[in-house]
2 protein chains.
Amino acid sequence: MQKVTMKDVAKLAGVSTSTVSRVVSDDDRISQDTKEKVLEVMEKLNYYPNSAARSLANKETEIIGLVMPSYEEDIFINPFFQEVLKGVSSITSKNSFDILIATNHEGEDDLDVLKRIVQTQRVDGLILTRSKKDDEGIKYSKEHNIPFVLIGSCLEYDDIPAVDNDNKQAAYNLTSLLINKGRRKIAFISGEINSIVTLKRYKGYLNALQEHDIEVNDDYFISDEFLEESGYKLMSELLKLNDKPDAIVCADDLICVGVLKRIKESKKYNVPEDIMLASFNNTILAKYSNPTITSVDINSVQLGKKASKKLINNLNKKSKSDNSKEILDYKIIKRDSTLLNNE
Amino acid sequence: MQKVTMKDVAKLAGVSTSTVSRVVSDDDRISQDTKEKVLEVMEKLNYYPNSAARSLANKETEIIGLVMPSYEEDIFINPFFQEVLKGVSSITSKNSFDILIATNHEGEDDLDVLKRIVQTQRVDGLILTRSKKDDEGIKYSKEHNIPFVLIGSCLEYDDIPAVDNDNKQAAYNLTSLLINKGRRKIAFISGEINSIVTLKRYKGYLNALQEHDIEVNDDYFISDEFLEESGYKLMSELLKLNDKPDAIVCADDLICVGVLKRIKESKKYNVPEDIMLASFNNTILAKYSNPTITSVDINSVQLGKKASKKLINNLNKKSKSDNSKEILDYKIIKRDSTLLNNE
DNA sequence: GGAATTTATGCAAGCGATTGCATTAAACCT
DNA sequence: AGGTTTAATGCAATCGCTTGCATAAATTCC
């Protein structure tokens, strides 16, 4: 079946394609009468403008790209991603944008994907997540003047549009909570070490230790990936130590769940009695694991929402773009993994 | 900065744009020499073909649309979705496709979204999920000859490309497992009642009861949505009954987790001693809840993979499309929610 | 060595929209 | 009434790429 084009509509309505085009984009130079007539014909013919032709002519796709770095191997399994997506989609849907999930094609690395979808002009803008140190994606986007918003932070530039939480402060508070429960041997287990969010959380953790005059034990800082298996593996390492930790701060729930699994398997230690656990992101995992896990609610859905709002705003106004950084609230959700019976 | 176009490449390489285009699409009519020369220039100029122009000319977008019905209010929160996405993305990335997440724009219903992204020619094909009775999306896609693959089943047509599990059999087996543990008062809690997957699972449940001469109690079949809160709410209903169930089959882990929460809050009943729980989808939730939940692993990632493979195959060959249905394995993962201590 | 193939490339017409500018008709002045 | 605005629409170029067909050059054949 042949697609209905603007020409068909124009002919049937007895106007030119320019007029149809102007009706579609609701140009106010068109008289009410013609507008109605054209709309009627459009309805009748079941006309939809071809989006490729449209993009080609006006250089807008009404698509925004969501980029998740693949160094988090199983990014698609971390509930954090899903919550961000949820937030993003709620905003894009209100603004007639669609979402393109950028995935690495065979042989591409992260930067390649980004380059590809931007240069081929598949998207109008980007939402970047999980930045790392000297993040190439951010650098590239900035240098090439590509509209984007970062969910997270960036150490190299401070004039990039972003939304984030105060992860350092959150980590400080989370660690302090453990310290206030009397723990002194606190480990920090993290994912990818170059991820900014990890670094910030680590810093907050260190600050808390220092502030309470607790000596930093190098054995207590280990990292791998943002995966459950990593948590499991890393916890095995910790259990080999002579001086085992009595509390652990995890950089992510998924990791924490792995840690917890390993502890349970040891059959020698209990959470929270022997080892307290505290984590980040407050995903559904923290809520339902056993015991439930104290976790920092970073407001992931909101991060997605704010980021897409900001991006869309910047896309719409052709003027100076808003390069500010927005800091969202966080909240430590206290659960059983840090709650002793006698409390 | 002006974008580099095919013209620029052509000029610098001293050839026509046709030649450049043919190099891009790796046409074998081009001599090795020119090919190399052109590629060199492309590299040098950092050329990427404009995807809108490309789509406009050849009517292909290399994007596939992933459609999740919004009646699952919080579809983006159900880990099932994420696992499917993971599977899909692993395949698309190997085949140079990108994924468009279709979300309802303001004022649109599910069918509208589908129509829009198809008619505006934003995507080459669709992956539909979670079909319901008289599913309009399927009907529309079929009637309009739109390439698509369904994850799930469809009662109305049997010649549509699909991948699914034998949910009826799985439910039968799952229910039988409970019966074999001596349970007779088995309830079935489900999401959206018109969802095909729910219907099939319900049928399997009924079959199991009948086969074991257990009378069907209408009070034991209740449904709402695919949400945790629904499970919570529905369980409250069940607890009001005089004759309370001693086992529950849930149509989805998310629901089950809500059910479990409600049971725990009652402080009167224990899982699995008083009430056994069995569920579907074997998401990360089932694995980490307390107690862990027996759940049917439906191989969600694989569903996503197979579906996208099938779709891409159908897109590539212009010949007769493969309208077969593929049934994937499932596996009941037995966990604590059906495991008595004395076993 | 010239006809017949084969191989490699270019020409130019699309693809289906948008948009600056020109045009015409209607409305407004004085 | 004649000139000037203003409003409504059309013309035609353009966006950047693909592709059927024509053409030119190189190769093969007898």
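Residue numbers start from 1 in every chain, and the chains themselves are labelled A, B, ... in the order their sequence lines are given, proteins ahead of strands. Quantities reported herein were computed from a predicted structural model and do not represent experimental measurements.
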If I take atom [atom1] in residue [X] and atom [atom2] in nucleotide [N], what distance separates them, rounded to the nearest angstrom?
{"X": "A/Y48", "N": "C/dC15", "atom1": "OH", "atom2": "P", "answer": "22 Å"}
{"X": "A/N58", "N": "C/dG20", "atom1": "CG", "atom2": "P", "answer": "12 Å"}
{"X": "B/K7", "N": "D/dC17", "atom1": "NZ", "atom2": "P", "answer": "10 Å"}
{"X": "B/E60", "N": "D/dT18", "atom1": "CD", "atom2": "P", "answer": "11 Å"}
{"X": "A/L56", "N": "C/dG14", "atom1": "CG", "atom2": "P", "answer": "17 Å"}
{"X": "A/R54", "N": "C/dA17", "atom1": "CZ", "atom2": "P", "answer": "9 Å"}
{"X": "B/K59", "N": "C/dG14", "atom1": "NZ", "atom2": "C1'", "answer": "10 Å"}
{"X": "B/D28", "N": "C/dT7", "atom1": "CG", "atom2": "P", "answer": "10 Å"}

Fill in: Nearest-nucleotide pick for A/R22, side chain only, options being C/dA17, C/dT9, C/dC21
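Between C/dA17, C/dT9, C/dC21, the one nearest the side chain of A/R22 would be C/dC21.
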(request) State which of C/dG10, D/dC11, C/dG16 makes the closest approach to the side chain of B/S16. (result)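 Ranking C/dG10, D/dC11, C/dG16 by closest atom to the B/S16 side chain puts C/dG10 first.
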- Item | Greater than 12 external heavy atoms within 6.0 Å of A/E43's CD | no
>> With a 3.5 Å cut-off and heavy atoms only, can you find an N or O donor on one side and an acceptor on the other between the side chain of A/S55 and the base of D/dC15?
In response: no
Check your understanding: Are A/N104 and B/S93 linked by a side-chain donor-acceptor pair shorter than 3.5 Å?
Key -> no
Test item: side-chain donor near acceptor, A/S89 and A/T92, under 3.5 Å: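 A/T92 and A/S89 do not have a side-chain donor-acceptor pair below 3.5 Å.
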- Item | Lys/Arg cation over aromatic A/F81: A/R130, 6.0 Å, 45° cone | no
Fill in: Aromatic A/Y48 / basic B/K115 pairing, under 6.0 angstrom, 45° off normal
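Relative to the ring axis of A/Y48, which defines the angle, B/K115 lies outside at least one limit.
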5'-most contact on DNA chain C (nearest-nucleotide basis), A/R29 vs B/T17, goes to B/T17
Taking the nucleotide of DNA chain C with the closest heavy atom to each, which residue, B/T19 or B/A57, is nearer the 5' end?
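The residue closer to the strand's 5' end, by nearest nucleotide, is B/T19.
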Just N and O in the side chain of [X]: are any of them under 4.0 Å from OP1 or OP2 of [N]?
{"X": "A/T5", "N": "C/dG16", "value": "no"}
{"X": "B/K3", "N": "D/dC15", "value": "no"}
{"X": "A/T34", "N": "D/dT9", "value": "yes"}
{"X": "A/Y47", "N": "C/dA17", "value": "yes"}

| query | Considering heavy-atom distances to DNA chain D, does B/V24 or A/S31 have its closest nucleotide positioned more toward the 5' end? | reply |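 Between the two, 5'-proximity favours A/S31.
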*With a 4.0 Å cut-off on heavy atoms, is B/V15 in touch with a base, just the backbone sugar-phosphate, or nothing at all?*
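The answer is sugar-phosphate, as B/V15 gets under 4.0 Å only of primed atoms, P, OP1 or OP2.
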